[in-house]
Every structure is written in C-alpha cells, then in structure tokens.
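Here is the structure we will look at.
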Number of protein chains: 2
Amino acid sequence: MLKSNARDANCESCQTSGCFIKQHCADKYITLLNNLKETSTYRKDQYIAFEGYPVLGLFFIQSGKAKVVSSGLNGKTQVVRLTKSGDIIGHRGYGGEKYPISAVAIEESIVCFVDNDTIHQAFMDNPRLTFELMMYYSRELRKSEAKIKNQAQMNVREKVADALISCNSFFNNKNDSSFLIQLNRQDIADLAGINTEQLSRILSEFKKDEIITISKDGISINDLSFFQKIVSPFGSVE
Amino acid sequence: MLKSNARDANCESCQTSGCFIKQHCADKYITLLNNLKETSTYRKDQYIAFEGYPVLGLFFIQSGKAKVVSSGLNGKTQVVRLTKSGDIIGHRGYGGEKYPISAVAIEESIVCFVDNDTIHQAFMDNPRLTFELMMYYSRELRKSEAKIKNQAQMNVREKVADALISCNSFFNNKNDSSFLIQLNRQDIADLAGINTEQLSRILSEFKKDEIITISKDGISINDLSFFQKIVSPFGSVE
DNA sequence: ATTCTTTTATGATTTAAATCATATTTATTC
DNA sequence: GAATAAATATGATTTAAATCATAAAAGAAT
C-alpha cells in the first residue's frame with residue numbers, strides 16, 4: 001500500500017461530520033480507535049487501495065476525494081463510483097481476500113485506516129455502527145444497481161448526462177451553478193463508461209446549447225434539469 | 001403488492017438453511033418474528049415487489065427463485081440480479097421511500113415478509129443479524145460493481161459468457177454438468193444486457209462448438225472453464 | 001517568447017451491435 | 001392430429017459507437 005507522510009489526526013478533535021466511527025461509536029470506543037487507526041495523507045493520483053492486493057482493513061475518508069476504479073482486460077478502466085469525506089473504501093473486499101477495485105485520490109486526501117480485527121470488534125461492540133454501515137451499503141447497492149441498468153441501456157449522450165448529474169451531486173455540495181468538475185476527460189469518460197472522443201463530442205454539443213460552460217479551469221453546469229430530463233424524461237421513481 | 005394464497009410456515013420448523021433471521025437471531029426473537037412475519041407463496045411470473053411502490057419492509061426468500069428487474073425508458077428491462085433461498089429482496093429501498101426495482105418469481109416461491117418497524121427492531125436487538133446483513137450487502141455491492149464494469153466494457157460474446165457463468169453459480173448448486181438454465185431467452189438477454197437476437201446468435205455459436213447443449217428443456221453447460229477464459233483470460237483476481 | 005508535451009476536440013472510417021424481416025422450432029389450443 | 005400461437009433462430013440492413021487519424025488548445029520546459 002502506497003502511503004505518504006503519515007498523520008496522526010485526533011478523533012476527538014476531528015471535524016469530519018460524516019464519519020461513521022465518530023457518529024455511531026461510544027465515546028470510549030472512539031478513544032480506543034483513535035489509537036489503533038492509522039491516518040495518512042494521499043496526494044492527487046496516489047493509490048489508497050490497490051486492486052488485487054490483500055484486504056487488510058477499512059479506509060475512512062476524512063477529507064478529500066477519491067475515485068474507485070476497476071481495471072478491464074484491454075487496458076480499459078471503469079470509474080465505479082466517486083467517494084469523499086465520510087465515505088468508506090475497501091469493505092467490498094471484506095470477506096473476500098483481495099480488493100476487487102482500486103481507489104485513487106483525485107485531490108489531496110486524508111484517510112484513516114482501521115485494520116480488519118479492530119473494525120470487526122468495533123462492529124461487535126457498536127450495533128449502531130454496524131446498522132448505519134449496513135444502511136450505507138444498502139444505499140450504495142441501490143446506486144450501483146441503477147448504474148448497471150444505465151450502462152446496459154443508455155446511449156452515449158444519456159451516459160454523459162448521467163455522469164454529469166453524478167458529478168454535480170458529488171462535487172457541488174453548495175449547490176451553486178459555478179462549481180467546477182475536477183475530473184479530466186479520461187476520468188469522466190471512465191465514469192460514463194464511454195471513450196474520450198465520444199465524450200468530447202457530446203460535451204461540445206452541450207456547450208453549443210449552453211447547457212454547460214467549458215473553460216480552461218473545468219466544466220460547469222448551467223442547466224442541471226436539462227440532464228435530468230435526458231436520463232428520466234418522465235420523472236424519477238425516487 | 002400481489003400476493004397469492006398466504007401460508008403460515010413456522011420459523012421453528014423452517015429448513016431454509018441460509019435464512020438470516022433463523023441463523024442470526026436469538027431463539028426468543030425467532031419466536032417473536034414468527035408471529036409478526038407474513039409468509040406468501042408466489043407462482044412463476046408473479047410480482048413479489050413492484051418498482052415505484054412504497055417500501056413497507058423486507059422480503060426473505062424461503063424457497064424458490066426470483067429475478068430482480070429494473071425497467072428502462074424504452075420498454076427495456078434489465079435483470080439486475082438473481083435471488084434464491086436465503087436471499088433478501090427490497091432492502092435497497094429502505095431509507096428511500098420506493099422500490100427502485102421489481103422482483104418477480106421465476107419459479108414457485110415461498111417468501112417471508114417482515115415490515116419496516118419489526119425488522120428495524122430486530123436489527124437493534126440482534127447485532128449479529130445486522131452484521132451479517134451488512135456483510136451480505138457488502139458482497140452484493142462487490143458483485144454489482146463488477147457488473148457495472150462488465151456492462152461498460154464487455155462485448156456481447158463476453159456478456160453472454162458472463163451471464164452463463166452467473167446462471168451456473170445460481171442454478172447449479174450441486175455442480176453437476178446436466179443442470180438446466182430455467183430462464184427464457186428474454187431473461188438471459190436482460191441479464192446479459194443485450195437483445196434476444198444477439199443472444200440466440202452467440203448461443204448457436206457456443207452450441208456449435210459444443211460448449212453448451214441446447215435442448216427443448218433448456219440450456220446446459222458442458223465446459224464452464226471455456227466461459228471463464230472468455231471473461232478473464234488471465235485468471236480472476238478473486 | 002519558443003519549443004515540446006499533454007490534453008482536448010473533431011473529422012473520416014471501420015466495426016460491433018441493434019434493428020428489421022423472416023424462417024424455424026416448440027408449445028398450446030381446438 | 002391439425003391449426004394457431006409463442007418462442008427461438010438466423011439472415012439482411014441500419015445505426016450507433018469505437019477506432020483511427022489529425023488538428024487545436026492548453027500546459028510545461030527551456
């Protein structure tokens with residue numbers, strides 16, 4: 001596992017609002033985990049978890065953002081999902097022996113690692129933690145199953161619209177119109193499940209219609225509802 | 001929710017080995033849930049859960065098999081996964097308000113239903129149940145994320161091979177070579193994420209090469225390793 | 001600034017897969 | 001059993017998307 005300068009952030013003073021440990025463990029447990037966890041900082045494009053490597057524990061993203069990628073046969077890469085502060089990486093492998101996916105930081109990120117034995121004990125002693133994590137996986141599974149359908153049925157234009165909606169809800173936490181997508185074309189294409197040439201074409205089309213603005217700093221979405229109409233013209237079920 | 005003749009199977013005498021409730025709840029809880037659950041029998045092609053309908057609780061498959069399907073825009077259907085005895089349906093919707101998917105029996109099936117409040121209480125009182133369910137969702141999520149990549153990157157031949165491998169591990173529990181796939185071409189195509197014409201073509205090709213045998217009773221797989229080579233020529237990570 | 005490199009965009013061509021059309025097989029009904 | 005309907009298979013054609021090729025733009029290095 002590639003790690004850069006290890007940090008020893010303190011759980012008690014940690015301000016990551018979405019942290020499952022902090023939210024759902026007893027205080028004395030947080031103190032305990034604080035000593036057992038390892039906190040590391042990853043620079044952009046550094047690997048947090050590596051596909052095919054043994055699963056040693058669970059990663060909690062304290063701050064920053066990462067992409068979860070899965071490599072295909074012919075050198076292709078699929079961005080399976082995007083993760084950020086409060087999200088968890090690596091648990092899919094739990095029970096299995098090796099990570100089926102890799103996780104790569106897309107900006108400088110601080111990540112806490114808790115080894116298998118410790119997290120297992122934490123689950124046993126903190127039912128609320130287990131419950132919330134179960135709900136988390138349940139939600140992720142919903143999203144994942146929706147994406148299976150999208151990959152199977154959508155055309156490239158719909159896939160791009162869907163990927164941009166995902167980017168919006170991921171990057172645009174303040175819900176302002178001037179946020180920028182911090183991914184390059186290759187990553188957006190891998191997220192949409194298409195190639196970069198097709199992505200460029202579709203983006204140019206959206207740009208011409210002024211649905212998005214492309215500057216050298218990135219892409220910003222002007223009209224999100226336009227994309228929502230593309231992916232579910234009759235309104236969503238959810 | 002469409003239900004046929006309600007049955008009142010008894011948890012104490014139930015022989016479903018994979019049942020999460022039976023395996024991971026305290027005995028007194030099993031007695032309690034036995035009274036609160038509703039057990040129904042669904043005939044082939046009957047709906048167990050219906051996409052877009054409110055989530056009222058959780059379905060546990062006691063016996064039988066079901067397909068979990070998601071409907072697309074243009075009348076297309078995606079078979080998201082296959083479920084059988086011991087599996088759970090409906091929990092993706094928990095937290096959300098409506099089922100994002102439907103579940104349809106593919107053979108006569110007995111299904112136990114536990115309402116939201118009851119199952120929530122069961123989670124609170126049986127940490128082991130919650131933990132095992134978390135692990136279950138974690139495994140399902142792994143499979144689901146693998147399928148996202150497959151849908152995005154595989155060609156039709158690979159998709160068919162992948163679907164047949166799934167069918168084998170789903171239907172062929174005794175690991176004999178003479179098992180039959182109990183799905184029609186439309187369902188296999190929806191599982192593979194392709195259309196029936198393409199499926200027929202690929203199946204004919206496999207039949208010609210004697211990888212599979214097609215009779216009027218169904219499809220049987222003669223050489224599973226052939227398919228495994230197609231989907232991961234260099235051996236799997238798992 | 002100028003060159004070199006990388007990223008992004010776009011046009012031309014090829015290819016795989018969907019669609020359309022029809023035939024064949026299997027199942028159902030009378 | 002024959003007749004009808006449904007499911008499956010296969011050929012012909014169209015279409016969407018991938019690939020190939022090249023250009024334009026942006027960033028880095030000198």
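Sequence lines set the chain letters: A, B, ... in the order given, protein chains first and strands last, and positions in each chain run from 1.
- Between the CG atom of A:Asp190 and the C1' atom of C:dT8 there is a distance of 15 Å, given to the nearest Å.
- Using modelled atom types, one finds no donor on one side chain facing an acceptor on the other under 3.5 Å when comparing A:Gln62 with A:Thr39.
- Helix bend of the helix from C:dA1-D:dT30 to C:dC30-D:dG1: the angle between its two end axes, each built from five pairs, comes to 40° after rounding to 10°.
- B:Gln198 places no side-chain N or O within donor-acceptor distance of the main-chain N or O of B:Asn195, the cut-off being under 3.5 Å.
- Between B:Phe206 and B:Ile230 the shortest side-chain heavy-atom distance falls below 4.5 Å.
- Closest to the A:Lys216 side chain, of the nucleotides D:dG27, C:dT10, D:dT10, is D:dG27.
- A:Glu140 and A:Lys143 are joined by a salt bridge, as a carboxylate oxygen and a charged side-chain nitrogen come within less than 4.0 angstrom of each other.
- Rounded to whole Å, atom P of C:dT10 lies 12 Å from atom CG of A:Leu199.
- Both the sub-6.0 Å distance and the 45° axial angle are satisfied by A:Lys84 relative to the ring of A:Phe170.
- A:Asn222 contributes a side-chain N or O that, together with a main-chain N or O of A:Glu210, makes up a donor-acceptor pair within less than 3.5 Å.
- Relative orientation of the B:Phe20 and B:Tyr136 rings is perpendicular, given thresholds of 30° and 60° on the angle between their planes.
- The nearest whole Å value for the distance from the CD atom in A:Glu205 to the C1' atom in C:dG11 is 16 Å.
- In this structure, the CD1 atom of B:Ile188 is 14 Å from the P atom of D:dA7, given to the nearest Å.
- A donor atom on one side chain and an acceptor atom on the other are not found under 3.5 Å apart for A:Glu145 and B:Ser70.
- The distance between atom NZ of B:Lys207 and atom C1' of D:dA9, rounded to the nearest whole Å, is 9 Å.
- When rounded to the nearest whole Å, the span between CD1 of B:Ile202 and C1' of D:dT10 equals 13 Å.
- Residue B:Ile219 contributes atom CD1, which lies 12 Å from atom C1' of D:dA9 at whole-angstrom precision.
- Using a distance-only test at 3.5 Å, with no hydrogens or angles considered, a donor-acceptor pair links the side chain of B:Ser102 to the main chain of B:Glu51.
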Using atom names, set out every protein N or O paired with an N or O of nucleotides 17-21 of chain C below 3.5 Å, distance rounded to 0.1 Å.
unit_1: C:dA17; atom_1: OP1; unit_2: B:Val156; atom_2: N; d: 2.9
unit_1: C:dA18; atom_1: O5'; unit_2: B:Asn195; atom_2: ND2; d: 3.4
unit_1: C:dT19; atom_1: O4; unit_2: B:Arg201; atom_2: NH2; d: 2.9
unit_1: C:dC20; atom_1: N4; unit_2: B:Glu197; atom_2: OE2; d: 3.4

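- Counting to the nearest Å, the P atom of D:dA26 and the CZ atom of A:Arg185 are 11 Å from each other.
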